[in-house]
Amino acid sequence: MRNVGRAEWTKLRTDASNGWLLLGAVALTLAIGAAVAMTSRCDAVACGEDATRLSLTGVMVGQVVVAIVAVLMVGNEYSTGMMQTTVAAVPRRLTVLLSKAAVLSAVILVVGAIGVFGSLLIGGMVTPGRGFTEAHGYEAMSLANSTTLRAAVGSVLYLVLIGLLSLGLALIVRSSATAIGIVLGLLFFFPILTQVITDPDWQRLLQQIAPMTAGLSIQTTIGVDRLPIGPWEGLGVVALWATGALTVGGAMLRARDV
């Protein structure tokens with residue numbers, strides 16, 4: 001397992017495009033979060049805005065880049081034929097799957113932590129000047145606050161789960177373009193559909209099962225009782241999506257003659 005993991009890490013880091021994509025994920029997460037924090041405003045007591053969630057808006061964009069990196073980790077091997085070499089060198093395909101998942105998770109943990117905690121640092125400096133002050137009912141944004149810490153840690157875990165979901169889908173379809181299309185569809189189709197459907201019960205159900213809507217509820221720090229699904233339960237929904245995709249992808253990797 002250690003040797004296979006080292007091989008997967010070597011393949012990931014020696015592809016220059018991965019480095020640029022991961023750097024882009026951090027940059028986009030920080031830039032979007034900072035832009036939203038600097039343009040938001042709270043002019044009255046209990047204005048209803050969630051300063052922490054606003055500062056973490058960039059995660060919604062960063063997840064797209066994370067998904068692309070995860071898909072290419074498998075898609076490039078299929079497109080170049082390297083997957084045949086991989087499974088020839090490591091006949092136990094479950095080991096291949098676990099090694100890819102472990103390396104991807106470790107990389108996203110680091111990248112996600114930089115983007116998420118950096119966004120909160122910027123938000124903590126910017127939002128007080130935008131009216132998010134104690135006078136308006138807001139505490140200083142700090143990781144010592146349990147809800148802020150939950151939003152930060154949960155956002156990093158959310159990015160990891162999106163990466164694993166994308167990895168599983170890439171194993172299923174064996175095509176980078178198709179897998180990226182499916183991932184983006186899963187992430188953004190449900191929120192659009194929620195806006196189209198007018199029945200509140202169906203809206204709530206879609207919000208509870210949609211990976212992005214449910215998963216990003218982990219970022220909410222005010223009005224949690226009004227969410228369609230709890231923060232940790234929402235992250236659990238994404239975990240179920242990721243587990244399902246990896247299970248099916250792993251089964252197909254074992255069943256196919258590459």
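Values reported hereafter were calculated over all heavy atoms of this structure, with side chains retained and with hydrogens, waters and symmetry mates removed.
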For [X], side chain to side chain contact (heavy atoms under 4.5 Å, CB included) partners two or more places apart:
X: Ile182; result: Leu169, Val173, Thr178, Leu186
X: Val61; result: Leu28, Ile32
X: Leu149; result: Leu143, Val153

Hey, could you give me the [atom1]/[atom2] distance between [X] and [Y], rounded to the nearest 0.5 Å?
X: Ile114; Y: Leu22; atom1: CD1; atom2: CG; value: 9.5 Å
X: Leu159; Y: Leu164; atom1: CG; atom2: CG; value: 11.0 Å
X: Tyr78; Y: Arg174; atom1: OH; atom2: CZ; value: 6.0 Å
X: Ser142; Y: Leu121; atom1: OG; atom2: CG; value: 11.0 Å
X: Ile122; Y: Ser55; atom1: CD1; atom2: OG; value: 9.0 Å
X: Leu56; Y: Gln219; atom1: CG; atom2: CD; value: 4.5 Å

Subject >> disulfide (SG to SG under 2.5 Å) partners of residues 138-233, not counting sequence neighbours, each pair once >> reply: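 For residues 138-233: none.
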
Subject >> Within residues 134-240 or reaching into it, pairs that qualify as disulfide (SG to SG under 2.5 Å) - sequence neighbours excluded >> reply: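 Disulfide (SG to SG under 2.5 Å) check on residues 134-240 returns no pairs.
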
Pairwise side-chain contact, [X] with [Y], heavy-atom cut-off 4.5 Å (strictly under):
X: Leu97; Y: Arg254; result: no
X: Met141; Y: Met125; result: no
X: Phe190; Y: Pro211; result: yes
X: Leu21; Y: Leu72; result: yes
X: Leu104; Y: Ile108; result: yes
X: Val224; Y: Arg150; result: yes
X: Met73; Y: Glu8; result: yes

So, does [X] use its side chain to make a donor-acceptor pair with the main chain of [Y] at under 3.5 Å?
X: Asn18; Y: Leu12; result: yes
X: Gln63; Y: Met60; result: yes
X: Thr220; Y: Ile222; result: no
X: Thr213; Y: Ala210; result: no

Solution key, residues 35-42 side-chain donor-acceptor pairs under 3.5 Å, sequence neighbours excluded:
| unit_1 | atom_1 | unit_2 | atom_2 | d |
| --- | --- | --- | --- | --- |
| Thr39 | OG1 | Ala35 | O | 2.8 |
| Thr39 | OG1 | Val36 | O | 3.3 |
| Ser40 | OG | Val36 | O | 2.6 |
| Arg41 | NE | Asp43 | OD1 | 2.7 |

Give a yes or no on whether [X] and [Y] share a hydrophobic cluster (residues Ile, Leu, Val, Met, Phe, Trp, Tyr; joining criterion: side-chain heavy atoms under 4.5 Å apart).
X: Ile162; Y: Leu240; answer: no
X: Ile229; Y: Trp232; answer: yes
X: Val107; Y: Trp20; answer: no
X: Val69; Y: Leu23; answer: no

Original post:
Can you tell me if CZ on Arg92 sees more than 12 non-hydrogen neighbours from other groups inside 6.0 Å?
Top reply: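 Incorrect, the count does not exceed 12.
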
Subject >> Whichever hydrophobic residues join Val4 through chains of side-chain contacts under 4.5 Å >> reply: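 Other cluster members: Val90, Val96.
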
Can you give me every donor-acceptor pair (side chain of residues 198-208, partner residue at least two apart or in another chain, under 3.5 Å) with its distance?
| unit_1 | atom_1 | unit_2 | atom_2 | d |
| --- | --- | --- | --- | --- |
| Asp199 | OD1 | Asp201 | N | 2.9 |
| Asp199 | OD1 | Trp202 | N | 3.1 |
| Gln203 | NE2 | Thr194 | O | 3.2 |
| Gln203 | NE2 | Ile197 | O | 2.6 |
| Arg204 | NH2 | Pro228 | O | 3.4 |
| Gln208 | NE2 | Pro228 | O | 2.8 |

**OP:** Could you note down all residue pairs passing ring pair (Phe, Tyr, Trp, His ring centres under 6.0 Å) where residues 112-153 supplies at least one of them, sequence neighbours left out?
**Re:**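 As it turns out, the ring pair (Phe, Tyr, Trp, His ring centres under 6.0 Å) pairs with a partner in residues 112-153, which skip direct neighbours, are Phe132-Tyr138.
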
If I compare all heavy atoms of [X] with all of [Y], which pair ends up nearest, and what's the gap?
X: Val111; Y: Ala25; answer: CG1-CB, 4.3 Å
X: Thr133; Y: Pro128; answer: CG2-O, 3.3 Å
X: Met212; Y: Leu187; answer: CE-O, 3.3 Å

With sequence neighbours left out, what residues match [X] under side-chain hydrogen bond (donor to acceptor under 3.5 Å, both in side chains)?
X: Arg130; value: none
X: Thr57; value: none
X: Asn3; value: Arg6

**OP:** Flag the pair Glu77 and Lys100 as a salt bridge only when some basic side-chain nitrogen lies within less than 4.0 angstrom of an acidic carboxylate oxygen.
**Re:**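 Salt bridge flag = yes for Lys100 with Glu77.
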
Subject >> Derivation and outcome, side chain to side chain contact (heavy atoms under 4.5 Å, CB included), residues Val71 and Leu167 >> reply: CA-CA 5 Å; Val71 166; Leu167 180 70; over 6 Å; no

